[in-house]
Amino acid sequence: MIISTKGRYAMSVMLDLAQHDDGSYISLKDISERQEISMKYLEAIVSKLSKGGLLDSARGKTGGYKLNRKPGEYSVGEILALTEKSLAPVSCVECERECTKEGSCLSRPMWNELNEVIMDFLNSKTLDDLL
């Protein structure tokens, strides 16, 4: 499992919003400057986070983005799940079709257990924990 730039930047955006949360919307320009992330890349990231229900957005001069929950109510796992294609250690763990070797694969139980450990860890960490 490798967390992509998009996943790392999504975490940076969420932490930035949590750090600067005073109830008002925060512009992408402000986040971009503080996090040194291009506006174009940020737009794609916050679009996913917003469509995924993690952020509220507003248009206009005082518009921008803000968290719609308290920082302690966001898990790292749910943030990364929106931005990463997969968090599985190996592709067969999240395979949607039945694996022909599943019954004879001696390592599959270990990969399943590792996946559970990873997800339990990521879901146990919140934005509050990181702040």
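Excluded from the calculations below are hydrogen atoms, water molecules and symmetry mates; all remaining heavy atoms, backbone and side chain alike, are included.
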Using residues 36-51 as the side-chain source, report each donor-acceptor pair under 3.5 Å to any protein atom, sequence neighbours left out, with the distance given to one decimal.
residue	atom	partner	partner atom	Å
S38	OG	Y41	N	3.2
Y41	OH	K6	N	3.3

Hey, could you give me the CG/OH distance between D16 and Y65, rounded to the nearest 0.5 Å? 14.0 Å
Taking only residues two or more places apart in sequence, or in another chain, which ones meet R8 in a side-chain contact (heavy atoms from CB on, under 4.5 Å)? I3, T5
When you check the gap from the basic side-chain N to the acidic O, do K125 and E78 get nearer than 4.0 Å? no
Between CD on residue E113 and CG on residue D120, distance to nearest 0.5 Å: 10.5 Å
Is the count of non-hydrogen atoms from other residues, nucleotides or ligands lying under 6.0 Å from Q35 atom CD greater than 12? yes
Just verifying a value: how many Å separate M11 CE and L127 CG, rounded to the nearest 0.5 Å? 5.5 Å
Do Y25 and L55 share a hydrophobic cluster, counting only Ile, Leu, Val, Met, Phe, Trp and Tyr and linking them when any side-chain heavy atoms are less than 4.5 Å apart? no
Run the salt-bridge test on K66 and D56 with the 4.0 Å N-O cut-off and return the result as yes or no. no
Can you find a side-chain donor-acceptor pair between T126 and E73 that sits under 3.5 Å? no
Nearest 0.5 Å please: distance from the CG atom of L54 over to the OG atom of S75. 9.0 Å
Between atom CG of L131 and atom CE of M14, what is the distance when rounded to the nearest 0.5 Å? 10.5 Å
Do you know which two heavy atoms are closest between G77 and N123, and how far apart they sit? CA-OD1, 3.3 Å
Quick check for you: to the nearest 0.5 Å, what is the distance between I118 atom CD1 and W111 atom CH2? 9.5 Å
